[in-house]
2 protein chains.
Amino acid sequence: MTKPKHEPLIDLCRQRGLRITGQRRVILQVLDAADDHPNVEELHRRVGEREPGVNIATVYRTMNKLADLGLIERHIFDDGRLRYEPAPDEHHDHLINVDTGEVIEFRSDEIERLQEEIAQKYGFEIVSHKLELYVRLRKKR
Amino acid sequence: MTKPKHEPLIDLCRQRGLRITGQRRVILQVLDAADDHPNVEELHRRVGEREPGVNIATVYRTMNKLADLGLIERHIFDDGRLRYEPAPDEHHDHLINVDTGEVIEFRSDEIERLQEEIAQKYGFEIVSHKLELYVRLRKKR
DNA sequence: CATCCAGATGCAAATGAGTCGCAAGTATGA
DNA sequence: TCATACTTGCGACTCATTTGCATCTGGATG
Ligand SMILES: [Mn+2]
Ligand SMILES: [Mn+2]
Ligand SMILES: [Zn+2]
Ligand SMILES: [Zn+2]
């Protein structure tokens, strides 16, 4: 979400030479339409609404392929399952409401900068990072 | 690591009324001696060096119990397996060398503060958070 | 268009970390 | 010393994800 949904994934797939099968077409539509971070089971469910009969193994395989090509991002939040979202134009991190499961995206240039600073201090360069805030509604006060 | 290893876990366990069995004694020793973030398989291996015959299910159960009591912390880095460390006196985050697997601990009050700020901005309070920097040695330049 | 085949799919079986049921063993308080 | 609630070993189980394999097909080619 917070994603202007630049280009449909299907075009990116074509560019990368992926065969566009009926199953993939639907899966890509579902991904493009998603404004959340669904896991494979949920993706498969959404695919099934548009086109029954697509096997969940196909969804798994497609997600792996898309992730390898960098067209989608893979996340694992605290439930331990693989979740996906179309690769965003601009990096963001996640804030997860532990009560509802809702995921909110945010970006802090300040934090990004401090991370770089820390890595540098130890003589490293950052390959990737993960920042997740597990939160609940602030009560009273 | 970076842990003054304040009090052996065994005392904390006694305080909490956990029965001190031979297996637990060894497991706790291994945890106290660890200066890294071993997974259960590795813990079981280390336990086996001191006292063969302890079942890995016992290690799993003990880790769950200790984590429930807050005596140890559970982490899941990018390999997806459960890793443990004695609960540190002071919160820290992790920097993981993707080439070697080495884990370095760091703490940034600055980042901690910014996280709070962000959560607050959205009307939430932080329950927990995860910050992991996956890094590699900075080459040349 | 008809052909061809590398790549894609469905299905079932395999994998692998972690959990659980149960019978047998034991730490600990009385 | 006893009683019993807690632990353990062990194998079976779970469940998300992966994989082997036979079959199918997108899309390049002529
Ligand atoms: Mn996101
Ligand atoms: Mn640590
Ligand atoms: Zn970030
Ligand atoms: Zn932190």
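Below, read A as the first sequence line, B as the second, and so on, with proteins coming before strands; counting in each chain starts at 1.
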Please determine, for the side chain of [X], which listed nucleotide ([options]) has the closest atom?
X: A/R24; options: C/dA27, C/dT9, C/dG18; answer: C/dT9
X: A/K65; options: C/dA27, C/dG21, C/dA8; answer: C/dA8
X: B/R81; options: C/dG10, C/dA17, C/dA8; answer: C/dA17

Task: Lys/Arg-Asp/Glu bridge criterion (N-O < 4.0 Å) met for B/E116, B/R113 - done: no

Between [X] and [Y], is any pair of side-chain heavy atoms under 4.5 Å apart?
X: A/H37; Y: A/H94; result: yes
X: B/N97; Y: B/I104; result: no
X: A/L18; Y: A/T62; result: no
X: A/F77; Y: A/N39; result: no

TODO: Measure from OH on B/Y60 to C1' on C/dC20 and round the result to the nearest Å.
DONE: 14 Å

TODO: Name the nucleic acid region contacted by B/G53, choosing base, sugar-phosphate or nothing; use a 4.0 angstrom heavy-atom cut-off, strictly under.
DONE: sugar-phosphate

Open item on the list: Please identify the 5'-most and 3'-most nucleotides of DNA chain D with any atom under 4.0 angstrom from a heavy atom of chain A.
Closed with: D/dA16 to D/dG27

- [ ] Could you check A/E49 against A/R46 for salt bridge (Lys or Arg N to Asp or Glu O under 4.0 Å), going step by step and ending with a plain yes or no?
- [x] CA-CA 5 Å; A/E49 283 178 349; A/R46 295 181 195 178; over 6 Å; no

TODO: Between A/R83 and A/R61, just flag the one whose closest nucleotide in DNA chain D comes earlier from the 5' side.
DONE: A/R83

